[in-house]
Amino acid sequence: MQKIELSSAHSGRRLAAAIVLLAVGVAALVYAFTRLFSAEAGWQEIEVSSSAGLSCGDDFVLLYDLGHAGVSATAEKKALVSVYSDAAVAGYQIFSDDEVPDDVRGIRYLNSHPNEAVDVDPALYGALEQVSRSGDRSLYLGPVYEYYDNIFYCQDDAQTADFDPRQNEDVRDFYARCAAFARDPAAVDVELLGDGQVCLRVSEEYLAFAEEQGIGSFIDFYWMKNAFLADYLADVLAEKGYTNGTLSSFDGFSRTLYSGEEAMRFNIYDRAVLAGTMSYKGPMSVVQLRSYPLNSQDWRHYYEMEDGRICTAYLDVADGLCRAARDDLIVHAREKSCGETLLRVLPLYVTDAFDGGALSALEAEGIYAVLCRDGDICYSDPGLTVTAGDGYAPVRGGT
């Protein structure tokens, strides 16, 4: 077959066209890059860089007031994106029980080295200290979390019976057995050895049970993880000097670092109905607990049966069953982290009966509550401003 040669004129035109297309492509890239990092002073949403890799960035929204750092808002945003992206990647690796790099001394590493004294990341060590002080044992439901989590990936009710203990006695027995181990410090416990070193103590009986059942996780923060990630991200930002922002997760954990004059606002819901807003000034940790899904990401923590029953991720260490004492509860504190605040209110929420007296007693520790009752938005913090929507009225006290 005769080879067809392009004339020099055709070759020149094709080369010229390629150069033009290349120039257009470069211009588009420059424009996209400029759009990514250019910013005006004022409140902006800061996103994790798309090139950062696996991170917790999709779980959080960071709003930041740019323009107060003595540099241009664009330069400040560029530096902030870098810091936030690195922290989001590191936080994911530290607190995730999924596959992470072997050199990350996080929750996965600890689960993989039972009965060994190991150094862990300072952020994990601090979180484990908080859990130890609280006395709460939910962390140790790792095997139940690992299995129960499948329920949120079910496409119909027929599939849920394999994971729902209220439908399946075998599953219920398995969860109860795991919960018994979880409640027993002699069976499983994190021993804090100081200087960032810990040992995950697991009894021979539990190790044998774990091998028999194919259990790979003894401890897991599971649905509580974003409370500790919110603290981690906020602490990293503050350490780097970025304190003009507020950080919120899709599942109800918020850390405000901003100490300016503008008030921060947080929505108050009453069984998915927007009842009003709470506003406050200054740093704050907010924890919102609810028994129902509210946003597009909530499929990860809720499954609604055809009969209306909702399976939540709030599992009780008493038996591994999900429980919620109220449909909605907001607690907040100025001097405590999200993790600390959550751990104090956890036993009052993941239970069958709501104890308002015990909740009110937390005010002595600087932990205040907001909840809806019969059209009233009840709140206990005198420094809070509550604005009620139609059909609701703000009432100080009564939580």
Side-chain angles (χ1 to χ4, degrees), residues 42-47 58-65 223-224 226-227 229-231 233-234 244-258 260-302 304 310 312-314 324-334 336-338 341-342 345 348-349 354 359 367-399:
W43 286 96
Q44 303 283 340
E45 181 176 347
I46 307 299
E47 297 181 347
D58 287 343
D59 287 2
F60 288 89
V61 173
L62 172 61
L63 299 177
Y64 200 84
D65 187 16
W223 69 268
M224 302 175 288
N226 279 345
L229 277 170
D231 293 335
L233 295 174
N244 288 325
T246 184
L247 184 75
S248 300
S249 72
F250 79 93
D251 47 357
F253 303 109
S254 177
R255 278 287 301 272
T256 296
L257 297 173
Y258 179 76
E261 288 302 312
E262 292 186 56
M264 301 292 104
R265 290 177 174 79
F266 197 91
N267 287 337
I268 302 169
Y269 288 93
D270 182 14
R271 186 62 183 185
V273 175
L274 181 58
T277 60
M278 52 180 271
S279 61
Y280 55 88
K281 292 183 179 180
M284 184 81 80
S285 297
V286 181
V287 172
Q288 178 195 50
L289 303 172
R290 46 188 165 78
S291 66
Y292 55 88
L294 190 61
N295 59 61
S296 61
Q297 289 181 277
D298 275 343
W299 65 268
R300 294 156 57 184
H301 292 164
Y302 301 86
E304 185 169 1
I310 298 177
T312 76
Y314 304 136
R326 290 185 51 84
D327 286 330
D328 299 271
L329 179 63
I330 296 173
V331 288
H332 58 95
R334 287 179 169 79
K336 295 184 183 298
S337 66
C338 278
T341 304
L342 172 62
V345 77
L348 304 182
Y349 189 80
F354 176 67
L359 182 66
I367 299 175
Y368 298 91
V370 180
L371 55 86
C372 293
R373 181 184 290 117
D374 300 326
D376 291 335
I377 302 177
C378 305
Y379 66 102
S380 55
D381 182 0
L384 204 66
T385 299
V386 172
T387 302
D390 292 342
Y392 291 87
V395 176
R396 171 80 194 288
T399 56

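Heads up: numbering here begins at 1 and tracks the sequence.
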Subject >> Verdict with supporting geometry, Leu233 and Leu62, side chain to side chain contact (heavy atoms under 4.5 Å, CB included) >> reply: CA-CA 10 Å; Leu233 295 174; Leu62 172 61; over 6 Å; no
Original post:
How many angstroms lie between atom CZ of Arg290 and atom CD1 of Ile330, to the nearest 0.5 angstrom?
Top reply: 10.0 Å
Subject >> Contact summary for Tyr349 and Arg326, nearest pair of heavy atoms >> reply: OH-O, 2.6 Å
Original post:
Looking at CG of Leu329 and CD of Gln288, how far apart are the two atoms once the value is rounded to the nearest 0.5 Å?
Top reply: 9.5 Å
Subject >> CG-CG distance between Leu289 and Asp327, expressed to the nearest 0.5 angstrom >> reply: 12.0 Å
Subject >> Heavy atoms of other groups near Glu261 CD, more than 12 under 6.0 Å >> reply: no
Subject >> Nearest atoms (heavy-atom pairs only) where Ser279 meets Leu384 >> reply: O-CD1, 3.6 Å
Original post:
Stepwise, does the side chain to side chain contact (heavy atoms under 4.5 Å, CB included) test hold for Thr341 with His332?
Top reply: CA-CA 7 Å; Thr341 304; His332 58 95; over 6 Å; no
Subject >> Close side-chain approach of Tyr64 to Gln44, heavy-atom, < 4.5 Å >> reply: no
**OP:** Verify, without hydrogens or angle tests, whether Tyr302 (side chain) and Ser291 (backbone) share a donor-acceptor contact under 3.5 angstrom.
**Re:** no
Original post:
What heavy-atom pair brings Leu348 and Phe354 nearest, and what distance separates the two atoms?
Top reply: O-CD1, 4.3 Å
Subject >> Given Thr246, Asn244, Leu63, the one that forms side-chain contact (heavy atoms from CB on, under 4.5 Å) with Tyr258 >> reply: Asn244
Subject >> Heavy-atom pair with the smallest gap, counting every atom of Thr256 and Gly282 >> reply: CG2-O, 3.7 Å
**OP:** State whether the side chain of Ser254 and the backbone N or O of Leu247 hold a donor-acceptor pair below 3.5 Å, judged by distance alone.
**Re:** yes
Original post:
Looking at Asp59, Val287, Asp231, Leu229, which one forms a side-chain contact (heavy atoms from CB on, under 4.5 Å) with Phe253?
Top reply: Val287
Original post:
For atom CZ of Arg271, is the number of surrounding heavy atoms from other residues, nucleotides or ligands below 6.0 Å larger than 12?
Top reply: yes
**OP:** Mark yes or no for whether Asn295, through its side chain, and Phe250, through its backbone, hold a donor-acceptor pair below 3.5 Å.
**Re:** yes
Original post:
Where is the tightest heavy-atom contact between Cys372 and Ile268, given as atom of each residue plus distance?
Top reply: SG-CG2, 3.9 Å
**OP:** Can you label the angle between the Trp223 ring and the Tyr314 ring as parallel, tilted or perpendicular, going by 30° and 60°?
**Re:** perpendicular
Original post:
Which heavy atom of Pro293 sits nearest a heavy atom of Ile310, and at what distance?
Top reply: CD-CD1, 4.0 Å
Original post:
Tyr269: what forms a ring pair (Phe, Tyr, Trp, His ring centres under 6.0 Å) with it, not counting sequence neighbours?
Top reply: none
Original post:
Do Phe266 and Val370 have side chains that get closer than 4.5 Å, going by heavy atoms?
Top reply: no
**OP:** Could you note down all residue pairs passing side chain to side chain donor-acceptor pair (under 3.5 Å) where residues 378-394 supplies at least one of them, sequence neighbours left out?
**Re:** Asp270-Tyr392, Arg334-Asp381
Original post:
Distance-only, no hydrogens or angles: does the Gln297 side chain make a donor-acceptor pair with backbone N or O of Asp58 under 3.5 Å?
Top reply: yes
**OP:** Would you sort out whether Tyr292 and Asp298 count as a side chain to side chain donor-acceptor pair (under 3.5 Å), showing the intermediate values?
**Re:** CA-CA 9 Å; Tyr292 55 88; Asp298 275 343; over 6 Å; no
**OP:** Output all residues satisfying side chain to side chain donor-acceptor pair (under 3.5 Å) with Thr399, sequence neighbours left out; order by chain, then residue number.
**Re:** none
**OP:** Indicate yes or no: at least one non-hydrogen side-chain atom of Cys338 is less than 4.5 angstrom from one of Arg255.
**Re:** yes
Subject >> Trp43 side chain near Glu262 side chain, heavy-atom distance below 4.5 Å >> reply: yes
Subject >> Separation of Met278 CE from Met284 CE (nearest 0.5 Å) >> reply: 5.5 Å
